[in-house]
Structure formats: structure tokens, C-alpha cells
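The structure under discussion appears below in the form of C-alpha cells.
Within every chain, numbering begins at 1; the chains are lettered A, B, ... in the order of the sequence lines, protein sequences first and strands thereafter. Owing to the predicted nature of the structure, the values given are computational and were not obtained by experimental measurement. Just so it is clear, the values below take in all heavy atoms, side chains as well, and ignore hydrogens, waters and symmetry mates.
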2 protein chains.
Amino acid sequence: MSKDDAFRPKARRPRGLIDRRGPQLAAERDLVAKISRVYEAWGFEPLETSAFEYADALGKFLPDQDRPNEGVFSLLDDDEQWLSLRYDLTAPLARFVAENYDALPKPYRRWAAGPVWRNEKPGPGRFREFWQCDADTVGAASPAADAEMIAMACAALEAAGLSRDQYVVNYSSRRVLDALLQAIGVGEGDHAVRLIVLRAIDKLDRLGAAGVRDLLGGGRKDESGDFTKGAGLDQAQIEVILNFFAADDQAAVMNASFDMLSGNGAFEELTLIGGVLKSLGASGNAALDFSIVRGLEYYTGAVFEAQLISGDGASFGSIGGGGRYDDLVSRFKGQAIPATGFSVGVSRLAAALQQMAQTQADGPIVVLPFDPEGMADCFSIAQEVRAAGFSAEVYLGGSGPKAQLKYADKRNAPLAIILGGDERANGQVTVKDLKLGAKLSAEAGDDREAYKQAQDRIQQTIPRADLIAAVRKALS
Amino acid sequence: MSKDDAFRPKARRPRGLIDRRGPQLAAERDLVAKISRVYEAWGFEPLETSAFEYADALGKFLPDQDRPNEGVFSLLDDDEQWLSLRYDLTAPLARFVAENYDALPKPYRRWAAGPVWRNEKPGPGRFREFWQCDADTVGAASPAADAEMIAMACAALEAAGLSRDQYVVNYSSRRVLDALLQAIGVGEGDHAVRLIVLRAIDKLDRLGAAGVRDLLGGGRKDESGDFTKGAGLDQAQIEVILNFFAADDQAAVMNASFDMLSGNGAFEELTLIGGVLKSLGASGNAALDFSIVRGLEYYTGAVFEAQLISGDGASFGSIGGGGRYDDLVSRFKGQAIPATGFSVGVSRLAAALQQMAQTQADGPIVVLPFDPEGMADCFSIAQEVRAAGFSAEVYLGGSGPKAQLKYADKRNAPLAIILGGDERANGQVTVKDLKLGAKLSAEAGDDREAYKQAQDRIQQTIPRADLIAAVRKALS
């Protein structure tokens, strides 16, 4: 790059992408660490696939995407093959298992965490890159594997810091919908209607019964005037569906519908899941809820969704979900390979936890070379403080004392260690307790005498040899 | 997806991309965690930028890439702007700092870890996606900031598990090359020659003096017959360069060249770095080495490279490096913003550490439902074992005892807890010590009596209530 290069690019992020930093990023990473420790304790091993896959290997299973390649970032490789960035962690898992099937333990349990990318219109809280943290079991057909997922989701959310009254994992099965559609005469081969009904029920929370009624019937025009095609069911069919999915007492509905739900195994599946949840001690935090259907087309059995619960018991939004997807690996292999999985929405859960906590972590101790000649001593001091187990850094800018103290505040430093000319001449250092300072200054207010006394407590010049003891005392 | 869908995609990874799993992946992540804890202890805060940047914001600073867009994965966004995947973590940092300059503490210290992508020809050990773990200080012009980087690199490598005789961080400055070029009459504006000389010296390790001599002169034809254009220097100029950069006693060369190196500040810079390294207690593991120039064009001052040292003291390859890049942020802002940074090659270091260690981590304890009716009890057992602090999982496949034990071996389980029909009827469990089993069976060999006695030690059927105590004892 030449210095006379006149071109100045504008420093800007692409639309729908964010930078995360400092305490917020640390909190999100801490969350992934806590959740993945639970996954590992339950026997799941880590897997990291690459960001790209061949477009055909990834498939097109995003919700609400009817056009090919919609929703996915794709590029042409130099051998003329299309590559796509992963839009979730499940499709790459299917490719990985199909490619390495013989070498893997079966069932194969794995967890994965990382960014996924969606080429969608960005909006508030809706980004084109976000993190997921998933666990999946491939090769286990039993609903016990689904129940294990649900119970482990509860354990993961509790490890993340939620108490038992702050979340619930609701579950149901796609077979319930299958049975109901069969009962009202919609055939198994009628994919288009099935998909519209599925997505309509998935929107019950957001649109209410009236909106879903339109989507099940002739169609719905939203606030912006956009029209969504309906499933074309008649009034009687719509009533059967709404009466079932919007019912208050789900267990009663299930028992009353025994014959219908037993026909395709849905009743037995949900009963078995309930039993295993009891064995795992998780039945208190998981609940049968027929309105859970999930928007992704590829689910074939159990579906579940984790929701935050606010103080008044109302649901606060989804923070994760998953389900059984028995055909996703099979589409490569041409043989049945059942699978089930759960995914945590990391950013969303982290934001919710942060809202609950409201504390900010301390920055490092900052060593300030008020006298620039003392730089070498400052490095030795920082090294000594780190050796004692604290984070520490030396101010490396070229500015004077005032700017240095401002820098320490900006770093949220609990302490500043100051080395000026006097300190150096006398073998001393000055320790300034910035946290105590903020507190006492606020308390003293306009009281000059109190302010002066506070200053004496906040800032002390001590022999260099007493430094580590003073740091320990101030931070204890 | 319909079941009668006849299309079967082939399950395959794109060229030059890899899947990482299990203990190998865990080791790499552990490495990033250890290194980043050092970065945080030195006052660096985490930052995560997105995978994409606008192509013009990212710039084109890859080594050996003379054609535009070569080496980078790019795609056209739906607003007709070009996006590129980051090829390192430094260029996105420059964009981030320029975009958020006023809000950041100055100097701004940050660390980052994550994948980067290069659209290059893949080869053995050469991938198109790999991880970096970087630390950078932006806004500090003093060579003390470079010295801090070098000392922190030493601390990071030691935290990663290297002992002091297993690595060295070599350093020099681009100003040395500048001074030398000036001395032989190559002007500052002659970028093309400068760049060829730079890359030639960077290859001294690999090509030896003879190969570099060709590159400095008329050019070089490699084994494959490809021709690389030379810098076109004459014999006298070439001798000056080789005598300097390939010298044995670097400190002697530096002192003998005082006038030349002092002219542009190189002497003072390297002396100051040496002094701060001493203050930080790192001078034993950092060494002045003029042959270190680094291939990236954007460096402007100090350059450094971490190398593994094998048993016989010979260098074993680069595991990280960095340097000062004072123009990278400036190109957005049009004002001077000095910066310096260090990057660890995570995969390479992890591979080297694994080669040194050669131990494999245990998998989880596996609970085997020999009697399928006992599945619920198996879940309770696994939960109990996890509550005692161990990792545990239930076999969820549909196969019998023999396949279940094979599965436990494949999971590298230290223990199998077996629940068969007899155990259930008698309130017992069988604990099989798989690690002890492998050891004793190997020792017994063909001795049938020894083998039988070993079996009694390996496998024990005990009351259900004694399970946790037995697990603790076996794993202690």
C-alpha cells in the first residue's frame, strides 16, 4: 500500500451484521461454555464442520423460503461448483454423518456451536449472522432419545443460569398434526396444504386464532397489505384444527382423542417421552403443548421449544428448540437413519440473562506511567500483578496524567497503579481505588470536607514492596 | 422433502475444508481458551466481527497475491455490493477501529479467535479455512507495545504447554530492510523491487541462500518449472543483503552497522524492544533475528515470528507471528493510527502439542440397557452418575449386548454400567472397568487362568446402592 494512495474506503459493516465486544461477548461465550459442558456431561462429543458446504449437500429446508437459494449465501467455486454458507448446524451434520457413517459410533451424539448465516432482509434484532449451540443424536429411533434431548435442554438452561420458574420446554409431535390432517381428510401426499397448515399453527402465538383461521382458509392480508395464500380448508375442517391446537387442557384432549392419536403412534410416542422425562427428573420443567409444531419442514416426530417465562408466568419468547428429523441423513444414504436434536439461540438467551443480571464485569488493573521515563518499571509492575493472579495492563499511549486516568475509567479498571517522578525517586507507587472513588465521591456530593477525607481513602502512596498486598486488600 | 424424491446428493466436503471432531477439536479449543486467558490477563478485551466485510473495506494484503480478488472468497450482495470473507483477523479489526474510533479507549487492546478463509489451491496441510487467535494494540506508537506483544506471545505459548526450551520468538524490524535498501540505492518509492526483496528474504529458511540469490537477481525457476521474476539487483547489491541477513552473530552485525541502522531509527527501535523484553522477564525466549521479515506487505516496523524448537535445537516451523502495521487503520481515516499485533496458528500449534503428548482423553461412562425394559432405570442411573460429577450417557440404539459393549469401546468409555434382566430382578448393576480390562487382557495373553482371574477384577455385579462408590473407586 503506498502512502500516496488517494482511495479511502468507508469503514462500515455490511447490512445485518454486527460486531460484538467486551463484557457482552464474554457473557455469550461463557453461556456457550456452560451449555456445552452440560452436553459433554451427557456424552456428546464436539464437532466443527466448515462454514461452506456444496449447495446440493446443504439442501433447502429453511422455513418460509419457497424460492430456490432464497435465504442462503452462495458463491461459485473456481471448479464451477456452487458453495453455500451453512444456514444452521443440522444440515452440515447430516452431510458429515452420511460421509463418515461407517467410522462413527452408532448412535452418534455430537454437539456444535458456531455462527450460521441467512441471506434475509435484516431488521431490528434480526441479523444475517448469528450463533447457535446444538446437540444432536443420530441413529436412535426411540422417542427416549427425544426425551433425553428435552431433559438435557432443561439441564443446559439451568446451567446457563435460569431457575426452574424462569423457563419451560414445551413439546409435542408432528404425528399429532399428521393424525389430525388424516382425520379431516387431508392426504399424506398433499405436501402443499400440509406445509401451509403447519406454518399457520406455528404462528398461533403471534397471530392469534383469527389470523390462523384466515391462513387455514382463504388466505390472510397482513398490516402492510401483503397477501399470504391460505390452505383452502372448509369451516368444519378449520374448527377441528383450532379446537384441538388451541385447547386449554392438553392432557384431557389427548386422552379424549386416544383412537385418533393411537392410529399413527402419536399417543404412544408422547406417553413414552413423558415417562423418560420422569426418570430423568425433568417432568416438572417440560410440558405437553400441542401448539408446538416448529416452522422447519424437515421434522418428522417429536418437536420441542424452550421458552422464557417472565415474572407473571407469561411466555417471553423462544430461546431454543428442536425435534426429530428422520429423513435428513437418509436423503444422502437412501436408508433410514433416525435423528433428533436441540438448538439454543445463544444471542437471545444471553440478552435475556443480561437483562436479568445488570452487572458489569471489572476491567484489568491499569498501570499508569505518569513519568514516561518509568515505562520499564511499569512493565515490571504489571508482570508482578499478573503473577499474583490479576489482569493488568500498562497504558501505552503518549498522553499525560489526566488522559491516562480517563483511559483507566474507560477500561472500567477497579484500580490504577500510578508511577510518577516522585514515586520513582522514593521507591514508591500510588494506588488509586477507582471503584471506591466513584462510590465515595457520589456519597460526599457537595460536602467538601467529606470529599477531602474520601480522597485520602481512595488514593494511597505506599512503598513499592507493599504493592501486591495493597492490591489484594483493595480487591478483596 | 418427499419420500419419493429420487435425487440423492453426494455427501462430500468441498475441497480444502475439513471436519474436526472429538478429542482433537477439544484440544484445539482448549488451546484457544488457554491463550485467550493470557491475552485477557494482559488487559486485552474480546472482539468478534462478522465473517463478511465489504470487499473494499477488507483490502488486498495477502502475500503472493498480485491479481485483484485472488485468494479471497467473494460474493455479490443483493444490493449489488461485493462482500468478501475475512482472510485474517487484522483487516476486520482495522475496519472496526476506524468505524468506532471515538468510542474506543485509546490505545485499544483486543483479542479475537475464529476461522478465516483463503481461496487458494488446497494441498497437504494447507486448508481453505483455518483458525487464528490474535491480539492487537491499536493507537500505541511506541516500540514498547511491540515488545509487549513479543513477551505476551511467550506467555501464551507457555500457557499452551510449551516449555522454555521448546520455542523461541524471533524479532526484527522492517526498518532494517528499509535502511539496507537505502544503503544499496533502492529508493523508497520503488515498491515493486522492495516487495520482491521482502518476499525473497522471507523464503531464506525454505530456499536457502542460493535460491534467494536467484530471486534477488534475475529470477528463479522452481522444481515444477514455474518461473518467479527476480528483483533485478546486481551482484554487489545481492552480496550486501545476503551478508547481512544470513549473518551468524546478529548483535555484532547490528553494532557494526550502527550508522546505517540509526539513520532511520531501526537501531533505537530494536534496542528499546530489547530493554522492555528484559523488564517483562522475556528476554530469554525472544531473540533478534534479521532474517525475520514476514511475507505480508502491510508491516511497517517491528516484525516477529514464533518458532517451535525440536529436541536437537533446530527450528521446527512457524507457529505464529505478527508485527507493526501503522498504515492499515490510517487508510480509512487519513490520520496516523499506529498498531501492532500477534497471531497464533492454532491448528499448527495444536498438532505439534498433540504430537508431543500422545495421550487420548477418556470418553463418558456408558450405561448399557442389556434388558430393553430397563431403559427408564438406565436414564436414572446416568442422571445419578452425572450428579456425582462424571460424564455419562445411555446407549440409545436398538442392538443387543455385544454391539452395546462394542459401542462403549468406540466411545473410549472408561467404565460400562450394565443393567440386564438379572440385575434388575435383584436390585443390582454390573460395573465393567474397560480400561483395566484392556490392560489385564493384554497382560494375561494366552494364560487362561490369569485371564479368568482378570475377568473377576474387571467386571463386578454389585448392589444398586453401591454404584456411585464403585464408580468413584474405579476412576480414582
Original post:
Given side chains that start at C-beta, do those of B:Phe332 and A:Pro9 come closer than 4.5 Å, heavy atoms only?
Top reply: yes

Original post:
Do B:Arg386 and A:Val38 have side-chain heavy atoms sitting under 4.5 Å apart?
Top reply: no

Among [options], single out the residue with the greatest number of heavy-atom pairs under 4.5 Å to chain A.
| options | value |
| --- | --- |
| B:Arg109, B:Glu40, B:Lys406, B:Glu384 | B:Arg109 |
| B:Ala392, B:Ala155, B:Gly114 | B:Ala392 |
| B:Glu148, B:Met375, B:Gln24 | B:Glu148 |
| B:Gly22, B:Ala147, B:Ala51 | B:Gly22 |
| B:Leu272, B:Leu25, B:Asp377 | B:Leu25 |

Is [X] in contact with chain A via its backbone, its side chain, both, or neither, using a 4.5 Å heavy-atom distance?
| X | result |
| --- | --- |
| B:Glu28 | neither |
| B:Ala145 | both |
| B:Asp409 | neither |
| B:Pro115 | neither |
| B:Ala413 | neither |
| B:Ala103 | backbone |

For the [atom1] atom of [X] and the [atom2] atom of [Y], what is their distance to the nearest 0.5 Å?
| X | Y | atom1 | atom2 | result |
| --- | --- | --- | --- | --- |
| A:Lys10 | B:Arg95 | NZ | CZ | 11.0 Å |
| B:Lys106 | A:Tyr407 | NZ | OH | 10.5 Å |
| A:Ser50 | B:Phe127 | OG | CZ | 11.5 Å |
| B:Arg110 | A:Arg21 | CZ | CZ | 11.5 Å |

**OP:** Just do the side chain to side chain contact (heavy atoms under 4.5 Å, CB included) check on A:Tyr108 and B:Lys410 with the steps written out, would you?
**Re:** CA-CA 10 Å; A:Tyr108 172 59; B:Lys410 213 160 187 173; over 6 Å; no

Is it the backbone or the side chain of [X] that comes under 4.5 Å from a heavy atom of chain B, or both, or neither?
| X | answer |
| --- | --- |
| A:Tyr101 | neither |
| A:Pro105 | both |
| A:Tyr325 | neither |
| A:Ala144 | both |
| A:Trp82 | neither |
| A:Ala403 | neither |
| A:Ala113 | backbone |
| A:Arg128 | side chain |

Look at [options] and state which one has the largest set of heavy-atom pairs under 4.5 Å with chain B.
| options | value |
| --- | --- |
| A:Ala112, A:Ser380, A:Ala94 | A:Ser380 |
| A:Leu17, A:Leu280, A:Thr49, A:Leu75 | A:Leu280 |
| A:Leu76, A:Thr137, A:Asp78 | A:Asp78 |
| A:Gly398, A:Ser391, A:Ser399 | A:Ser391 |
| A:Pro364, A:Gly397, A:Pro107 | A:Pro107 |
| A:Leu83, A:Leu85, A:Val97, A:Leu104 | A:Leu104 |

Original post:
What do the steps show when you test A:Glu45 against B:Asn412 for side chain to side chain contact (heavy atoms under 4.5 Å, CB included), and what is the final call?
Top reply: CA-CA 11 Å; A:Glu45 69 160 45; B:Asn412 203 27; over 6 Å; no

**OP:** Using a strict cut-off of less than 4.0 Å between a Lys/Arg side-chain nitrogen and an Asp/Glu carboxylate oxygen, indicate whether A:Arg13 and B:Glu99 qualify as a salt bridge.
**Re:** yes

Subject >> Salt bridge B:Asp56-A:Arg8, side-chain N to carboxylate O under 4.0 Å >> reply: no

Subject >> Pairing residues for A:Asp326 by the salt bridge (charged side-chain N to carboxylate O under 4.0 Å, His left out) criterion, not counting sequence neighbours >> reply: A:Arg324

**OP:** With sequence neighbours excluded, tell me which residues meet salt bridge (charged side-chain N to carboxylate O under 4.0 Å, His left out) with B:Glu48.
**Re:** A:Arg20, A:Arg29

Original post:
Passes side chain to side chain contact (heavy atoms under 4.5 Å, CB included), B:Trp42 versus A:Glu393? Steps please.
Top reply: CA-CA 5 Å; B:Trp42 288 59; A:Glu393 60 169 57; over 6 Å; no

Original post:
Relative to each other, are the rings of A:Phe52 and B:Phe73 parallel, tilted or perpendicular (30° and 60° limits)?
Top reply: tilted

